> 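To start, I am sharing the structure in question, which I have written as structure tokens.
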Amino acid sequence: MAEIKVIVAGPRGKMGREALRMIKDDTSFELVGCIDRTNDGRRVAEIEGLPQFDAKIYTSAETALSELEADVLIDLTTPEHGYKHTKLALEHNVRPVVGTTGFTDEQMQEITDLAEEKEVGVVIAPNFAVGAVLMMQFSKWAAKHFSDVEIIEKHHDQKLDAPSGTAVKTAQLIKEVRDSHKQGHSDEKETLEGARGADVDGMRIHSMRLPGLVAHQEVVFGGLGQTLTIKHDSHNRESFMSGVKLAAEKVMELDRLVYGLEHLLD
């Protein structure tokens, strides 16, 4: 199989650095360029702490996608830049693999429509850790038997969106099988606003942001005389790379948007 030609957006970020290391160690990929806020025209190898690639860095995503012959764009930036990069990639028939969460419903619909129009695959994954994807699927299964549930997600203090995309996706999956109802006492009152967390279809989502954390989530179910906790922890960003690799391979076979890594697992 021919090498998959990849552009990485956000190469100096913690996730971007891991993606570059993954590409360096995998002969099925070739890095052809990077998109970064700075370092325009420099080579990746010239940037301290990055792997020894000769690929060129661009500050303009439009220029990178126009000049480079690429199959896949791996975007690990922010919701604002990720949205713009995804649209640009599709317009240039490059397949986006996006690990950025926080897109609005309107943005997701626009990307969905553009992917269908262009017949170009897109993968957007709230979480690339395979264990986290399994945690979400197990939670959906458990929700058929436990109707009361709360989600506690914990991330590093530099994360921009709350709740996390993983927590939102988990709630969406549970909502598919759970009868909608408000949990807790009917006369429950918050004496401090926000104490009970975000309300999603009667479920509650709680977000923690602390230094020292990476990405962690607990889904806690309650029933008569018992509780069930389904938990996943990512202790480092290397845990996400098997999912990034899988998505970059599978997106080559797609002609539409796929949201969530679970749709790519056997």
Side-chain angles (χ1 to χ4, degrees), residues 4 6-26 29-39 44 47-53 55 57-59 61 64 70 72-86 89 94-103 122-133 135-136 153-169 207 209-217 232-251 258-261 264:
I4 297 172
V6 178
I7 300 172
V8 172
R12 290 182 298 113
K14 293 177 180 177
M15 283 286 285
R17 289 171 187 262
E18 286 295 341
L20 291 181
R21 293 187 190 103
M22 182 271 292
I23 294 168
K24 189 74 174 176
D25 294 338
D26 195 310
F29 297 111
E30 177 190 354
L31 183 73
V32 296
C34 287
I35 300 168
D36 190 17
R37 290 182 292 110
T38 61
N39 299 303
V44 173
I47 308 304
E48 184 178 357
L50 298 188
Q52 293 297 300
F53 286 110
I57 297 173
Y58 296 77
T59 53
V72 173
L73 168 70
I74 296 177
D75 189 279
L76 303 165
T77 59
T78 64
E80 178 186 359
H81 290 99
Y83 167 65
K84 294 176 182 176
H85 294 165
T86 299
V94 176
R95 301 161 181 84
V97 170
V98 185
T100 303
T101 60
F103 293 163
V122 184
V123 175
I124 299 178
N127 199 314
F128 278 115
V130 173
V133 175
M135 174 265 296
M136 287 187 271
E153 58 95 351
K154 312 170 190 178
H155 282 80
H156 55 89
D157 60 345
Q158 299 303 302
K159 185 170 178 60
L160 298 178
D161 55 321
S164 68
T166 299
V168 172
K169 176 68 173 179
S207 297
R209 297 291 179 267
L210 290 170
L213 295 172
V214 178
H216 316 262
Q217 181 167 297
H232 177 264
D233 297 285
S234 281
H235 299 292
N236 56 49
R237 289 164 181 81
E238 188 179 3
S239 64
F240 303 117
M241 290 306 111
S242 59
V244 172
K245 179 179 184 298
L246 175 67
E249 293 171 342
K250 293 288 188 179
V251 76
V258 168
Y259 181 74
L261 196 67
L264 305 181

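Keep in mind the model is a prediction, meaning the values are calculated, not measured. Hydrogens, waters and symmetry mates are skipped; everything else that's a heavy atom, side chains included, is used.
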> For K14, check side-chain contact (heavy atoms from CB on, under 4.5 Å) against everything at least two apart and list the hits.
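side-chain contact (heavy atoms from CB on, under 4.5 Å) list for K14, sorted by chain: R237.
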> Which residues satisfy the side-chain contact (heavy atoms from CB on, under 4.5 Å) test with A167, sequence neighbours excluded?
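A167 satisfies side-chain contact (heavy atoms from CB on, under 4.5 Å) with I151, E153, P163, S164, I205, Q217 only.
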> Among residues at least two apart in sequence or on other chains, which ones pass side chain to side chain donor-acceptor pair (under 3.5 Å) with H232?
none
> Among residues at least two apart in sequence or on other chains, which ones pass side-chain contact (heavy atoms from CB on, under 4.5 Å) with A247?
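Counting only residues at least two positions away or on another chain, A247 forms a side-chain contact (heavy atoms from CB on, under 4.5 Å) with V97, V123, F128, L261, L264.
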> Looking at every non-hydrogen atom in both residues, tell me the closest pair between A70 and V94 and how far apart they are.
O-CG2, 3.7 Å
> Can you list everything that forms a salt bridge (charged side-chain N to carboxylate O under 4.0 Å, His left out) with K245? Sequence neighbours excluded, please.
D26, E249
> Name all residues meeting the side chain to side chain donor-acceptor pair (under 3.5 Å) criterion together with N127; count only those two or more places apart in sequence or in a different chain, and write none if there are none.
T166
> Give me the one residue out of I7, V32, I4, V8 that meets side chain to side chain contact (heavy atoms under 4.5 Å, CB included) with V72.
I4
> Give me the atom names and distance for the closest heavy-atom approach of R21 to G49.
NH2-O, 4.3 Å
> By side chain to side chain donor-acceptor pair (under 3.5 Å), which residues pair with D161, not counting sequence neighbours?
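Testing D161 for side chain to side chain donor-acceptor pair (under 3.5 Å), a comparison that skips the adjacent residues, returns T101, K159.
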> Can you list everything that forms a salt bridge (charged side-chain N to carboxylate O under 4.0 Å, His left out) with E30? Sequence neighbours excluded, please.
K5
> Mind checking whether L73 and I35 have side chains closer than 4.5 Å, heavy atoms only?
yes
> I need the minimum non-hydrogen distance between V130 and S242, along with the two atoms involved.
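Of all heavy-atom pairs spanning V130 and S242, the closest is CG2-OG, 3.8 Å.
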> Report the distance from atom CG of L76 to atom NE2 of H85, rounding to the nearest 0.5 Å.
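NE2 of H85 is found 11.5 Å from CG of L76.
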> Could you pull out all residues at least two apart from R37 that satisfy side-chain contact (heavy atoms from CB on, under 4.5 Å)?
R12
> Roughly how far, to the nearest 0.5 Å, is the NE2 atom of H216 from the CG atom of D233?
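The distance works out to 5.5 Å.
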> Atom OG of S234 and atom NE2 of H155: how far apart are they, to the nearest 0.5 Å?
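One gets 8.0 Å once the value is rounded to the nearest 0.5 Å.
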> What heavy-atom pair brings S207 and A162 nearest, and what distance separates the two atoms?
OG-CB, 4.0 Å
> Using the side chain to side chain donor-acceptor pair (under 3.5 Å) criterion, which residues pair with Y259? Sequence neighbours excluded.
none
> Looking at G82 and D75, what are the two nearest heavy atoms and their distance?
CA-OD1, 3.4 Å
> To the nearest 0.5 Å, what is the distance between CZ (R95) and CD1 (I74)?
13.0 Å
> Do R17 and L50 have side chains that approach each other closer than 4.5 Å (heavy atoms only, starting at C-beta)?
yes
> Please name the pair of heavy atoms, one in P51 and one in V44, separated by the smallest distance, quoted to 0.1 Å.
O-CG1, 3.6 Å
> Distance check, rounded to the nearest 0.5 Å: N39 atom CG versus I47 atom CD1?
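Those atoms lie 3.5 Å apart.
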> Quick one: are M15 and F240 in side-chain contact, heavy atoms under 4.5 Å?
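Side-chain contact under 4.5 Å: yes.
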> With heavy-atom distances below 4.5 Å as the criterion, would you say the side chains of F53 and I23 are in contact?
yes
> Just how far is it from atom CG of L20 to atom CD of Q52, taken to the nearest 0.5 Å?
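These two atoms lie 11.5 Å from each other.
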